[in-house]
Protein chains: 2
Amino acid sequence: MQRVTIADVARRAGVSTATVSRALSGGRKVSSDVAERVRAAARELGYEVNPIARALRVSRTDTVGMVVPSIRNPFFTALVESVEHALGADGKELLLCDAQSDPDTEAKRLDALVTRNVDGIIVSPCHGTDSTPAVQRTAERLPLVQLDRFVGGTSTDWVGVDDIAAMRSVVEHVHAGGARSAAYLGARLTNSSSELRHAGFLRHANEFDVETGPQWTLLGDYSVEWGERAVGMLADSGRLPDALVCADDLIALGAVRACRTRGIGVPARVQVTGFDNIEFTRLAEPPLTTVDQPTRRIADEAVRLLADAAGGPAARDAAHVALVPKLVVRDSTRTG
Amino acid sequence: MQRVTIADVARRAGVSTATVSRALSGGRKVSSDVAERVRAAARELGYEVNPIARALRVSRTDTVGMVVPSIRNPFFTALVESVEHALGADGKELLLCDAQSDPDTEAKRLDALVTRNVDGIIVSPCHGTDSTPAVQRTAERLPLVQLDRFVGGTSTDWVGVDDIAAMRSVVEHVHAGGARSAAYLGARLTNSSSELRHAGFLRHANEFDVETGPQWTLLGDYSVEWGERAVGMLADSGRLPDALVCADDLIALGAVRACRTRGIGVPARVQVTGFDNIEFTRLAEPPLTTVDQPTRRIADEAVRLLADAAGGPAARDAAHVALVPKLVVRDSTRTG
DNA sequence: AATTCGCTGGCAATCGATTACACACGCGGA
DNA sequence: TCCGCGTGTGTAATCGATTGCCAGCGAATT
């Protein structure tokens with residue numbers, strides 16, 4: 001398929017392949033008339049370097065791999081889109097993998113990416129501890145940056161938001177709206193985001209004197225279904241808090257929906273908050289107050305870190321970049 | 001990075017690299033004791049073939065490229081996930097590109113994929129005519145199958161749903177629910193889906209004696225915003241039809257939302273239907289009646305066609321596989 | 001006993017680019 | 001005149017795997 005090679009260009013321009021390579025990829029000086037002749041020949045023949053051959057020689061593929069827990073989650077989709085965009089600016093390609101929220105397939109995907117000689121890996125690990133070995137092992141071989149979530153026991157670059165600070169603004173906001181008690185609808189504490197958001201919620205609920213309690217801490221997974229079920233459990237349990245703080249938007253969407261079907265007023269009876277600011281939060285009934293994740297900036301930082309790491313690989317301290325997200329206030333909470 | 005090579009294994013097993021290659025990839029017979037020795041050596045050294053080197057030699061990368069108009073659209077996300085899944089079964093990788101709904105970047109992406117020696121390409125072209133040259137050119141070089149949408153003027157494989165038949169079931173359904181007039185909220189007719197859905201709507205509205213009209217045909221793009229705006233225009237125009245048939249779920253979600261904010265009862269005053277059955281249709285208020293796209297089967301077919309094409313490349317007739325989708329009835333339409 | 005055949009395994013070419021090394025040439029200084 | 005040096009180009013090795021062709025060997029055939 002790859003018809004025209006560097007040898008063809010060399011023949012046509014009447015020079016050696018070495019010169020062609022130098023003229024095009026510009027490693028060393030080439031006299032300007034020869035360079036022009038080579039470029040002309042290349043243009044006429046429609047020559048393009050074969051990235052495979054180049055990759056074999058220089059062991060660099062201009063491709064970065066990305067592994068996300070689930071491409072179904074619109075938050076990760078947004079992240080992927082942002083990463084693609086950021087890479088495009090550098091002329092790099094994206095090899096995308098879905099871990100299906102399973103550490104084993106995640107490990108397989110990481111290995112596959114390593115074998116394929118990607119230049120670097122961006123991963124949002126699906127599990128806080130079970131993902132550690134694979135991430136660790138991969139990070140020893142390649143530049144790697146963790147996105148959004150990170151695993152314990154490794155020291156790699158990481159970019160994400162400050163979950164604790166975000167939770168502070170959430171709690172502050174519902175408190176200002178009159179909430180004196182709140183439930184936390186989260187995901188099991190198997191990864192860093194889950195842990196930090198939960199911890200942030202507890203800490204700041206305490207700070208603002210918002211009542212919480214174990215019976216008001218419901219941990220499942222990041223899905224609409226779980227949000228619906230959790231509200232069911234709360235409603236059945238007798239006492240309902242003033243606010244439902246959710247660990248992500250999917251849970252919050254489920255919660256709002258369940259409230260509706262049970263006739264629980266939002267925000268009149270309970271205020272509800274989400275996290276991520278995926279597109280569909282606007283469409284909920286009522287539109288969801290949530291924490292906006294700056295996916296664009298997260299992606300840019302990640303790509304930059306990866307580029308840095310590719311430069312001087314050896315002894316560089318790992319960077320942890322935590323962006324402080326903004327609260328987006330909509331109608332699922334009370335203001336003033 | 002790629003530490004252990006076939007030569008290391010050969011040395012350790014006391015054979016030549018040729019034998020190692022044959023023992024592992026099994027091109028030709030190797031006596032069983034030698035094969036065992038080689039496998040042992042490979043295992044001990046942790047050897048894995050270098051896909052780059054292999055690709056250079058055999059010019060096959062076990063990677064397929066996919067280009068979608070926008071990864072933001074959950075329908076395409078679902079499609080991507082399904083394709084990834086289907087490829088995984090074949091031990092192939094996915095190189096994903098986003099065309100940002102722009103034929104020029106789409107063309108660039110296609111070229112990039114060709115240069116990278118992917119084994120085949122799956123594309124959902126973003127424009128019915130402007131995408132043609134790039135798709136055509138690409139199809140001449142590589143196995144290519146179009147998904148969901150297709151461009152005019154080429155003869156490549158295609159897999160998608162029968163949009164006309166789908167529209168028939170939609171119109172039949174709202175008619176059965178009492179609709180005697182209907183508006184069509186679609187996207188500008190710049191691609192096949194848009195055209196066919198629109199044509200199907202008109203044809204079957206006519207068949208069922210459902211009133212339509214140019215003032216009730218609103219064409220914009222596939223987005224929530226457009227759905228909202230279109231309903232605004234309809235409401236302002238004076239006369240509202242009995243049903244809003246939308247060309248995709250995003251438009252329908254916007255339409256439903258706009259109806260809500262304007263106090264137009266759904267389905268009491270107007271019935272609303274979507275198309276694609278993305279996850280969030282369940283969450284709308286009311287949940288949306290829509291056409292379910294069998295993404296799993298579409299992806300499976302596409303991957304199968306690609307595999308076929310890779311086998312006997314030359315003279316094979318292009319296949320057009322149209323699956324007939326099912327209507328999913330929820331609460332945004334009236335039943336019986 | 002000589003020839004042929006089948007089966008295994010090794011040698012070396014090959015894929016297409018990059019690059020270390022060598023070489024040719026021209027020019028200036030000793 | 002000779003040497004040294006810089007510049008620009010060519011030669012060939014290299015990346016790591018696959019594979020066409022050939023050689024050796026034992027068994028089978030004549």
Side-chain angles (χ1 to χ4, degrees), chain A residues 1-42 45-63 91 112 114-119 141, chain B residues 1-42 45-63 91 112 114-119 141:
Chain A
M1 283 300 132
Q2 183 78 24
R3 198 92 300 148
V4 23
T5 76
I6 198 173
D8 300 322
V9 178
R11 208 166 312 123
R12 172 142 192 157
V15 296
S16 73
T17 62
T19 302
V20 173
S21 175
R22 290 194 271 252
L24 297 180
S25 314
R28 254 175 39 188
K29 274 277 156 49
V30 176
S31 73
S32 56
D33 57 335
V34 172
E36 188 39 55
R37 219 164 61 230
V38 169
R39 272 195 295 271
L45 296 171
Y47 169 75
E48 281 180 320
V49 302
N50 177 332
I52 308 269
R54 187 219 280 289
L56 177 60
R57 182 64 230 249
V58 304
S59 49
R60 194 168 41 74
T61 49
D62 290 326
T63 301
V114 170
T115 337
R116 270 166 192 267
N117 271 37
V118 294
D119 297 342
R141 315 257 258 121
Chain B
M1 282 300 131
Q2 183 79 21
R3 200 90 301 148
V4 23
T5 76
I6 199 173
D8 300 323
V9 178
R11 209 166 314 123
R12 170 137 192 162
V15 296
S16 74
T17 62
T19 302
V20 172
S21 175
R22 292 196 269 250
L24 297 179
S25 313
R28 239 178 48 185
K29 272 279 157 49
V30 176
S31 71
S32 56
D33 57 336
V34 171
E36 188 40 55
R37 219 163 62 230
V38 169
R39 271 195 295 271
L45 296 171
Y47 170 75
E48 281 179 320
V49 302
N50 177 333
I52 308 268
R54 159 184 282 153
L56 177 60
R57 183 61 230 254
V58 304
S59 51
R60 194 167 42 74
T61 49
D62 290 326
T63 301
V114 170
T115 327
R116 271 166 192 266
N117 272 37
V118 294
D119 297 342
R141 315 255 260 122

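Lettering of chains follows the sequences in order, A, B, ..., and the numbering in each one begins at 1.
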Who passes side-chain contact (heavy atoms from CB on, under 4.5 Å) against B:A53, sequence neighbours left out? A:L56, B:N50

Rounded to whole Å, please give me the gap between NZ in B:K29 and P in C:dG9. 12 Å

Drop me the distance from A:R54's CZ to A:D62's CG, to the nearest 0.5 angstrom. 7.0 Å

Return the value, rounded to whole Å, for the distance between atom CD1 of A:I52 and atom P of C:dG16. 11 Å

Protein within reach of the bases, or only the backbone? For nucleotides 18-23 of chain D, mark each nucleotide 5' to 3' as B, S or -, using heavy atoms under 4.0 Å. BBBB--

Let me know, please, whether B:A53 or B:A35 comes out on the 5' side of the other along DNA chain C by nearest nucleotide. B:A35

Rounded to whole Å, CG of B:D8 lies from P of D:dC15 at a distance of 11 Å

Taking distance alone, no hydrogens or angles, what donor-acceptor pairs closer than 3.5 Å link side-chain atoms of residues 24-35 of chain B to residues at least two apart or in another chain?
| unit_1 | atom_1 | unit_2 | atom_2 | d |
| --- | --- | --- | --- | --- |
| B:S31 | OG | B:D33 | OD1 | 2.8 |

How many whole angstroms separate atom CG of A:D62 from atom P of C:dT18? 11 Å

Could you state the atom-to-atom distance from CG of B:D33 to P of C:dC7 in whole Å? 17 Å

Could you give the CG-to-C1' distance, from A:N50 to C:dT14, as a whole number of Å? 14 Å

Quick check for you: to the nearest 0.5 Å, what is the distance between A:I6 atom CD1 and A:E48 atom CD? 13.5 Å

Taking only the side-chain nitrogens and oxygens of A:S16, find out if one of them lies under 4.0 Å from OP1 or OP2 of D:dG10. yes

Checking B:T61 side chain against B:N117 main chain: does a donor-acceptor pair fall under 3.5 Å? yes

Kindly determine whether A:R116 and A:T63 satisfy side-chain contact (heavy atoms from CB on, under 4.5 Å), including the steps that lead there. CA-CA 9 Å; A:R116 270 166 192 267; A:T63 301; over 6 Å; no

Please report, rounded to the nearest Å, how far the P atom of D:dC15 is from the CG atom of B:L56. 14 Å

Over how many whole Å does the gap from A:L24 atom CG to C:dG16 atom C1' extend? 14 Å

